[in-house]
Structure formats: structure tokens, C-alpha cells
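Order of the sequence lines sets the chain letters (A, B, ...), proteins ahead of strands, with each chain counted from 1.
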2 protein chains.
Amino acid sequence: MSETRARLTRDRVLTAAVARADAGGLESVSMRRLGEELGVEAMSLYTHVANKDDLLDGMVDAVFAEIELPAVGAEWRTAMRERAVSARTVLNRHPWAIRLMQSRTAPGPATLRHHDTVIGTLRQAGFTVELTAHAFSAIDAYVYGFALQEASLPFDTVEEAAEVGAGMFERMPAGAFPHLVELTVEHILQPGYDYGDEFEFGLELILDGLDRAHRAR
Amino acid sequence: MSETRARLTRDRVLTAAVARADAGGLESVSMRRLGEELGVEAMSLYTHVANKDDLLDGMVDAVFAEIELPAVGAEWRTAMRERAVSARTVLNRHPWAIRLMQSRTAPGPATLRHHDTVIGTLRQAGFTVELTAHAFSAIDAYVYGFALQEASLPFDTVEEAAEVGAGMFERMPAGAFPHLVELTVEHILQPGYDYGDEFEFGLELILDGLDRAHRAR
DNA sequence: GTTGTAAGGCTTACGGCGTAAGGTCTACTC
DNA sequence: GAGTAGACCTTACGCCGTAAGCCTTACAAC
């Protein structure tokens, strides 16, 4: 009579884990808590996941799957820009993922597919294998690094930033960090400033450089 | 009779914690283990450290303190390059630190001093406040992102890379990721290839771009 | 239908974790 | 010699990941 409760699957587990991490941070993801949310005991999760590391690997791959891939044959510069923007958007949505990316060393299928497409786009645009490696490395480093920095900002709004800044400067000897204060007060705390805008600047810097290197070939 | 054992200090605790993390990874740093290494019970550490988060904050700041700062008044491009190279070297020595940087939101004195010096160098070179912010953001994102990628490589030598690569490609459907395979086999696995060399390329790309923006002012 | 079997989920238990609460011992001040 | 502050210790609590083994269901073969 009791209707069969919805069966667990690896996908349902991963989706719940990603949602938990989004809502409460990575440290709020525990096997017991996850089980509870899925209406199941912790140990039952092990039917669908080898262990916690496997769960984390799966979460990273799920995040990668969210990043939009360029259409095959798209113009390389547009493709790289859009991919980078999408990656940043996704990593902002799941800030915990950046930290995980480092410790996970078993890339999942979505991750591999992602890299393959990006590399393919560059090769098709006529980049040499060597320049493709340079480009891939440079763009990825920048995107992940930027997301990392954004995720470590201890505030989300200008008001919060002002508060945090004030608290920080109070604890410092007066005049100890004049340049940092100048930059903060005269630029970052100005109304309308958005740290996210810095992203485009650096990205175009890199794309410009790659373009030059490609043409100079 | 029993000679007074060396007193604990915050510094001794932090140094031991950094050493532990270097040797056994971040997850090997626990209050109990750290106490043991220092010949003390876990709870005694709390005299010198507010809690584990405070310990982690201190570790990050200790790592920042290792990064070489440019001399005041140095030529900006040289200064930025050397700083970036030093940061990468240090982060390679303490790969766990990158992951920590993100979750820590209370920058310590060494960190603040570091940022202040970098910003000051750019301002003294005539960079506008705005361009300084752009430059600071772009360089840091790149350096941290690169270090992040380097730290997540699951190998340290060409031989290891070949092994890992082979294992990975075995598990994939044949021909599924042709571009990834090409790049790996024809470039990365070639004798003499060093992923670290990619660092310079991207760094010069960014410095070139900044130089152009600065001159165009 | 009965039986065999595999798989999903549950129970219990172990050793580790961070740290709250409160105790003891030492070294110094007056 | 009494008082006090601070360094270090003991105990205990509620978390954690997961090994081992049990119970229940669903279906296949006969």
C-alpha cells in the first residue's frame, strides 16, 4: 500500500549535493545531512557513490557540465570570450567548486568534453598546437583565478564592502597601508563600482595578446 | 630538575602547521596532530590560536609573508614580473595555500602589506587609480589561477603524466576527445615539455597589454 | 507458486574531528 | 606567604566518514 518511494540515483544524489553546497557551503555537505535531505540514511548513499571523494568529483563534473560550450566552428575569439564569461557565471553560482577543482584529480566526462571542445575551437582557427596550449593555459588560469578572487571577497554589495573595509582599516596602524587605502576609498568604494567589471578588462587583454601571437605566427 | 620545556608561541604553532600541511596536505592538519608534534595536548593550542579558522588564517598570512616584494621605486614591469614569479614559486611550495586563500576572508598583516606594496609600485609608475585596479586584478587572477591549475595536475614528472594520461584515455570511448588527445600526445607528453613554462607566456601577455594601456593613457 | 539472487536501503559501531567547560600547575607580583 | 594570571591538561559532547553485516523487496528461472 505504501507507494514506492522515489528511487535514489547517482544523479539525484549529485544534484542534492550541489544544491546543499550552494545553499550552505561545501562544509555543509555531509553524508548524513545529504541522506536526510533525500529521505534516506547516510549509508544508503554509498550504493550510488563510491565514497565522499567520488561524490566531490561528481559535483565538480556537474558544475563543468553547466558551462556553455562554443558551437563547433565558431569564430575563436567570440567562442573564447563567451566560454570564459559562462565559466565565470557558473563558478559564481557555485563558488565552492573552485576550491574543489584543485583537490580533485579525476576529471569527469563533462570536464573532458569541455576541454576538448575549447582546444578544438582553437585548432580549427589555425592555432598551432603550441599556441593552443599557451592559449588554453592562459585563459583558464585567468578565468579560474578571477573566480577564485571573486569568491574570496568577503562582501557582495558596496555597503557590505564599506563595512568590512572600515573594520579592517580600524584594526590597522594609521597610515600603514596608504596605497591600499587610496585604491579602496577612491575607487572601489565609489558608487557604481563593480568588481565584476574588472573581468572583461583582463580577458580582453589576454585575447588581444593571443590574437597578436596568432597573426604573427 | 625537569628543564622547562620550550614555551609555545603563536609563531611556533603556525610554523608547525605550515610544515605539516607541506608534508601531508591540508587535511593532515588537525589540532590533535599538531599538538602531538609540538609535544602538547590539542586544547593547549587554543591559548595561542582562537580556533581552527584563526589557525588557517595565520597559515595563509605566513605564506604571503614568503612572497618577495619589489623594492620601492623599482621599474614597474620588472617589479610585477618578479613578484608574480615569486608568488608562483611560493604557492608551488605550499599548494594547499591556494585552496585556503579562497575560504579565508580575514587578510593578515603580511597580506595587506603585500598588496599595498604592489599597488604602490604601480601608482608610482604613473598608473591611474583605475588602471592600477585593472592591473592588480588581472595579474593576481592570473597568478593564482595558474598556481591553482599547477596544483591540480595529478603528476609531477613526464613519466607520471604519461601514466595518468594513458589510464585516462583507456577509460574513454575511443576517439571521444580527439583534440585533447592530440594536444596531450603531440605536445605535453613530448620530452622536455614543462607545464611551468606556460606561466611566462601568459604573464608577458598580460604585462604587454598593461604596458600598452599605460602608454595609451 | 516457489525459490534463488541481486540490489537498495538500514543498523550498529569505530576511530577521528573541533572545541566547551573546568581543573591543575607554575611563575611572578605585592 | 598570599594572590593572581596564564599556560597547559582532562574530560566530554556532538559531529564526521565509512566498514561490516542485516533486512526487505523485486524479479528471473523453474
In whole angstroms, how far is the [atom2] atom of [N] from the [atom1] atom of [X]?
X	N	atom1	atom2	answer
A:E41	C:dG9	CD	P	12 Å
B:R10	D:dA7	CZ	P	13 Å
B:R7	D:dC9	CZ	P	12 Å
B:E27	C:dG15	CD	C1'	17 Å
A:L45	D:dT18	CG	P	11 Å
A:M43	D:dG17	CE	C1'	9 Å
A:L34	D:dG17	CG	C1'	13 Å
B:K52	D:dC16	NZ	P	15 Å

Side chain to side chain contact (heavy atoms under 4.5 Å, CB included) between A:R88 and A:E150, intermediate numbers included = CA-CA 10 Å; A:R88 171 170 167 251; A:E150 253 181 314; 2.8 Å; yes
Any side-chain N or O of [X] less than 4.0 Å from the OP1 or OP2 oxygen of [N]?
X	N	result
B:S30	C:dC17	yes
A:T47	C:dA7	no
A:H48	C:dG9	yes

Taking the six-membered ring for Trp, are the ring centroids of B:F146 and B:F199 within less than 6.0 Å of each other?
-> yes
Checking A:L8, A:V13, A:L14 against A:R10 for side chain to side chain contact (heavy atoms under 4.5 Å, CB included), the one that qualifies is A:L14
Using a cut-off of 6.0 Å, state whether more than 12 heavy atoms not belonging to A:E37 lie near its atom CD.
-> yes
Go through D:dT18, D:dA7, D:dC16 for me and flag the one nearest to the A:Y46 side chain.
-> D:dT18
Closest nucleotide among D:dC8, D:dG17, C:dG9 to the A:L8 side chain = C:dG9
Under the ring-ring contact (aromatic ring centres under 6.0 Å, His included) criterion, do B:H115 and B:F64 qualify, and how do the steps go?
-> CA-CA 10 Å; B:H115 290 156; B:F64 259 95; 5.8 Å; yes
Answer yes or no: side-chain N or O of B:R32 and base N or O of C:dG16 forming a donor-acceptor pair under 3.5 Å.
-> no
